[in-house]
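Report on the following structure.
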Amino acid sequence: MKKLIVVTSICATVCATNVLSVNAQESNTLKTRNLISKSAEAYLDTTEKNLDTFLETNKDNIDSKDINKFFDSQKEVSPEQLQAIQDKSEKETSLLKKIGKSDQEIADSLVEKEYKLDNQNITLYKNGIYSIEEKDDNYLDTEENTYPQTFFTLAKSSKKTQYGENTKSYYSIAKIKLFTVSVSAKFYYNGTKATYRSGLDGYSKRGTLSLWQVNGFKVAKESDGSSYVATASGNFSYGFSYNGVGFNIKDVYIKHEVRCTKNGYIKKDYVFR
């Protein structure tokens, strides 16, 4: 009977020790995750501040190559930091979907900061991606309150042609080009409304990825009040290897829109979620 008590006591001690060991491991794992998450947020904050300084210093003479060189010059993000950034973004997006937020609201929530330069727009996203859009001469950043310079010489019934294109390339802060999405078309406008002329085109182009798939990619056009709109959209699944770690992202929805107003202005909108 005494032997049984001793054995039981030993088992209880060993089990308690094992439980404490597991709890300690879980606690250490949680602490490590929190440290990685904080360092990931600090990385994004530092990159944003450095980009602010870079653009302010070079804003008068800069192109997409310069932007990519800037990101290439930044301290390398670790695979753990990159995973933490993506995990946090996916959780936030999933929560917004559950509470019924619209595609545009989710897309807006993903944007960390936008930079509108003379010849291009740069967008930083909260999921570790940035995009570069080259502007054209017809791009309108503000609300429509003026007419194209030549419009006052035209009669209202005159029909003029305008070309619109919305092309943007997406990159990971891991210094990898992900893909390019584009839509373009030619429109008529006469001061009363815009209509479709010809040349509707759209494409998605793979970057330096190891995995790539686009589902439901479509190019479409439609009238929207006095404006006319061309769109390209699809669900993108992609993946890449970074420092020996694989990153697979599924179902990123992207939509590019190019709009011609009744007065011949070109406006561009995006959904990225």
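Computed from heavy atoms alone, side chains included, the values below leave out hydrogens, waters and symmetry copies.
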Transitive ILVMFWY side-chain link I106 to I254, under 4.5 Å: no
Measure the shortest side-chain to side-chain distance between L44 and I85 over non-hydrogen atoms and say whether it is less than 4.5 angstrom. yes
Using side-chain heavy atoms (C-beta onward) and a distance below 4.5 Å, is K88 in contact with E41? yes
Under 3.5 Å: donor-acceptor pair, side chain of N263, backbone of Y265: no
Search all heavy atoms of A40 against all heavy atoms of A84 and return the closest pair with its distance. CB-CB, 4.2 Å
Heavy-atom closest contact (I62 atom, N58 atom, distance): CB-O, 3.5 Å
Any donor-acceptor N/O pair, K268 side chain to E165 backbone, under 3.5 Å: yes
Find out if a path of hydrophobic residues (ILVMFWY) with successive side-chain heavy-atom gaps under 4.5 Å connects L117 to L124. yes
D72 side, atom CG; Y171 side, atom OH - distance, nearest 0.5 Å: 10.0 Å
Trace of the side-chain contact (heavy atoms from CB on, under 4.5 Å) decision for T192 with S226: CA-CA 7 Å; T192 301; S226 62; over 6 Å; no
Any side-chain heavy atom of L96 within less than 4.5 Å of one from S109? yes
With the side chain counted from C-beta on, respond yes when K159 and Y188 share a heavy-atom pair under 4.5 Å apart, and no when they do not. yes
For the residue pair Q104 and S102, confirm or rule out a side-chain donor-acceptor distance under 3.5 Å. no
side-chain contact (heavy atoms from CB on, under 4.5 Å) between V181 and T167, worked out: CA-CA 6 Å; V181 179; T167 301; over 6 Å; no
To the closest 0.5 Å, what do you measure between OG (S94) and NZ (K97)? 7.0 Å
Does the pair D269 and K255 meet the rule for a salt bridge (charged side-chain N to carboxylate O under 4.0 Å, His left out), with working shown? CA-CA 8 Å; D269 285 311; K255 181 180 179 180; over 6 Å; no
Answer yes or no on whether K186 is positioned over the face of Y163, meaning its NZ or CZ is under 6.0 Å from the six-membered ring centre and within 45° of the axis. no
Has the side chain of S73 got a donor or acceptor atom that lies under 3.5 Å from a matching backbone atom of F70? yes
Separation of E92 CD from N127 CG (nearest 0.5 Å): 10.0 Å
I'd like to know whether the aromatic ring centres of F272 and Y125 sit less than 6.0 Å apart in this structure. yes
Does the structure place the NZ or CZ of K193 under 6.0 Å from the centre of the six-membered ring of Y228, at an angle of no more than 45° from the ring's axis? no
Report the distance from atom CD of Q83 to atom CD1 of I36, rounding to the nearest 0.5 Å. 10.0 Å
Could you please spell out the steps behind the salt bridge (charged side-chain N to carboxylate O under 4.0 Å, His left out) verdict for K267 and E257? CA-CA 8 Å; K267 295 183 177 181; E257 175 184 291; over 6 Å; no
Output yes when a side-chain donor or acceptor of T46 lies under 3.5 Å from a complementary backbone atom of A42, and no otherwise. yes
Among T123, T47, N68, find the residue that satisfies the side-chain hydrogen bond (donor to acceptor under 3.5 Å, both in side chains) test when tested with Y130. N68
Between atom CZ of F217 and atom OG of S204, what is the distance when rounded to the nearest 0.5 Å? 4.5 Å
Looking only at the side chains, is there a donor atom on one of N50 and Q74 sitting less than 3.5 Å from an acceptor on the other? yes
Does K168, at its NZ atom, have more than 12 non-hydrogen atoms belonging to other residues, nucleotides or ligands within less than 6.0 Å? yes
Main-chain N/O of Q81 paired with S78 side-chain donor or acceptor, under 3.5 Å: yes
Counting the benzene-type ring for Trp, do F236 and F179 have ring centres under 6.0 Å apart? yes
Between Q213 and N215, do the side chains contain an N or O donor and an N or O acceptor separated by less than 3.5 Å? yes
Output yes when a side-chain donor or acceptor of H256 lies under 3.5 Å from a complementary backbone atom of S233, and no otherwise. no
Single-linkage hydrophobic cluster Y203~Y170, side-chain heavy atoms < 4.5 angstrom: no
Same hydrophobic cluster for Y253 and V258, using side-chain heavy-atom links shorter than 4.5 Å among ILVMFWY? no
Please check: side-chain N/O of Y43 versus main-chain N/O of K75, any donor-acceptor pairing under 3.5 Å? yes
side-chain contact (heavy atoms from CB on, under 4.5 Å), that's the test. Do L55 and D52 meet it? Break it down for me. CA-CA 5 Å; L55 293 178; D52 287 344; 5.8 Å; no
Evaluate side-chain contact (heavy atoms from CB on, under 4.5 Å) for L178 paired with I129, printing each intermediate quantity in order. CA-CA 9 Å; L178 302 177; I129 290 174; 3.6 Å; yes
Do other residues, nucleotides or ligands put more than 12 heavy atoms under 6.0 Å from K101 NZ? no
Ignoring hydrogens and angles, state whether a donor on the side chain of E133 or Y270 is under 3.5 Å from an acceptor on the partner side chain. yes
Polar side-chain atom of D224 near backbone of S227 as donor-acceptor pair, under 3.5 Å: no
Distance-minimising heavy-atom pair for A194 and C260: CB-O, 3.3 Å
Minimum-distance pair of heavy atoms, taken over all atoms of V77 and L82: CG2-N, 3.9 Å
For Y189, is the NZ or CZ atom of K160 found under 6.0 angstrom from the centre of its six-membered ring and inside 45 degrees of the ring axis? no
Say whether, by atom type as modelled, one donor and one acceptor occur between the side chain of K221 and the main chain of L200 under 3.5 angstrom. no
Flag yes if V183 and V271 sit in one hydrophobic cluster, no otherwise; membership is Ile, Leu, Val, Met, Phe, Trp, Tyr, and two members link when side-chain heavy atoms are under 4.5 Å apart. no
Kindly compute the distance separating OG1 (T93) from CG (L110), expressed to the nearest 0.5 Å. 4.5 Å
